[in-house]
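As structure tokens, the structure follows; a few thoughts come after it.
Just so it is clear: chains get the letters A, B, ... in the order the sequence lines come, proteins before strands, and each one is counted from 1.
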Amino acid sequence: MEELIRIFREVFENDSIELGPETSVDDIETWDSFHHINIMLEIEETFEVEFTTEEIIRSTNVGELVSILQNKGCDVTW
Amino acid sequence: MQVTTSNRALDPKRYAQVANVEAIFRRDYPYMAGVIPRLYDNFGDRWADRFETTLSKMFSEPNDLEKALKGYVSYIFEVLRLHRRFEVEREYVNKTYEQAAQEVYHNEKYMLEEYLPGALFGHFFWPHHIRHNIFFESMFLEDMRRQDAANFADVGIGSGFFSRTILENLPQIRGTGYDISQNSKRYAEKQIGAFGALDRYEVVLRDVIYDPPENVADWLVSVEVLEHFEDPMPFIRGLRTMLRDSGKAFITAALNAPQRDHIYLYRTGEEVLAQLEEAGFELEQYQYLSAHKPPAKGVPVPQVAAFIMI
């Protein structure tokens, strides 16, 4: 989770961001489509995975995102 | 042409379909939730009126709008992904025209579900396209109106948006769209039919590079087609062949805008203008518009370069 938190803090330029399963677009004011694709691409690079467009679209909260990563075999735990 | 701006909230009764788009974004694509309020704040009732009319006429069947918006979101994320790569590599993915044609123009599912809805919604969601359309309407379409334009050609029709705009605004005009894609033909005919103008318009499936009809149009539009070729010059010469000597053309190109079917990388509007002039066009007006501010100094930003040529 540390890597995910790092990515979110870097993309949003906000060191106070904390993540939980329910953390969603509604919780981070500047989470728009540009930031969304940047988060997803940073995660791809960090975790060495590739998201489908469908997975990018569906990842509207951190819980969903973690679930997708776990299904891809990534070691991401709360 | 004045653009009305407003800090008011969108009236959901006056703009029921636009409000519906906002609701779908909030529910299914919450990272897009700010799009409609921001656009209404920047472009006001003029934008909302146009968008409402398009939505009402184009997406009247249940679930049509949701499917089209999903297609747009898929399309936009693909574009954003390609742009992130472009910011680093500063080159488009190497592809031939034939490859792009097979992957895109002749790919029915992709065209009808993503690419063409993406192109259509881009006219309403992307600020630089909205401003570009204002330039088109105020500088070219208005000229057509003043001169009682009787005919036009649209080459590379895409979703049919520009043909529809002309037909909608000039009730006496007749037009011909030229394209190589059966899917574009189908989508454009649907759009123009929805606006009740199909009796004044036909789409001809024809490659104007190898077989340009000569001197067929007094008014010609070709919007964001040039970057789709390995070498745009034969196509541009085809446009020149099609336009009558006294005619006028509205020709645009996308710059620094990676996309699945963008092959020729224009980095500046001057590059486009040089090619148009090489083909025998003369410049009358131009406009360059950027999609947004550069995220950092020197980072390329997608632009549209629009030219009115004689």
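- Residue B/Arg81 comes nearest to A/Ile37 through the heavy atom pair N-CG1, 4.1 Å, listed as atom of the first residue, atom of the second, then distance.
- Put simply, CE on B/Met32 and CH2 on A/Trp31 are 14.5 Å apart, with the number rounded to the nearest 0.5 Å.
- For the pair A/Ile57/B/Phe77, a side-chain contact is recorded, criterion being any heavy-atom separation below 4.5 Å from C-beta on.
- When the shell of 6.0 Å around NZ of B/Lys185 is examined, it contains more than 12 heavy atoms from other residues, nucleotides or ligands.
- Using a cut-off of 4.0 Å between Lys/Arg side-chain N and Asp/Glu carboxylate O, A/Glu45 and B/Arg84 are scored as not salt-bridged.
- Distance check: B/Tyr31 OH to A/Ile56 CD1 gives 9.0 Å after rounding to the nearest 0.5 Å.
- For A/Asn61, no part lies under 4.5 angstrom from a heavy atom of chain B.
- Only the side chain of B/His292 comes within contact range of chain A, judged by heavy atoms closer than 4.5 Å.
- Between atom CG of residue A/Asp26 and atom CZ of residue B/Arg26 there is a gap of 8.5 Å, rounded to the nearest 0.5 Å.
- Annotation: A/Asn71, atom CG; neighbour count of heavy atoms from other residues, nucleotides and ligands within 6.0 Å is above 12.
- Only the side chain of A/Thr53 comes within less than 4.5 Å of a heavy atom of chain B; its backbone N, CA, C and O stay farther away.
- The closest side-chain heavy-atom distance from A/His36 to B/Leu80 is not below 4.5 Å.
- Put simply, of A/Glu44, A/Arg58, A/Met40, the one with the most heavy-atom pairs under 4.5 Å next to chain B is A/Glu44.
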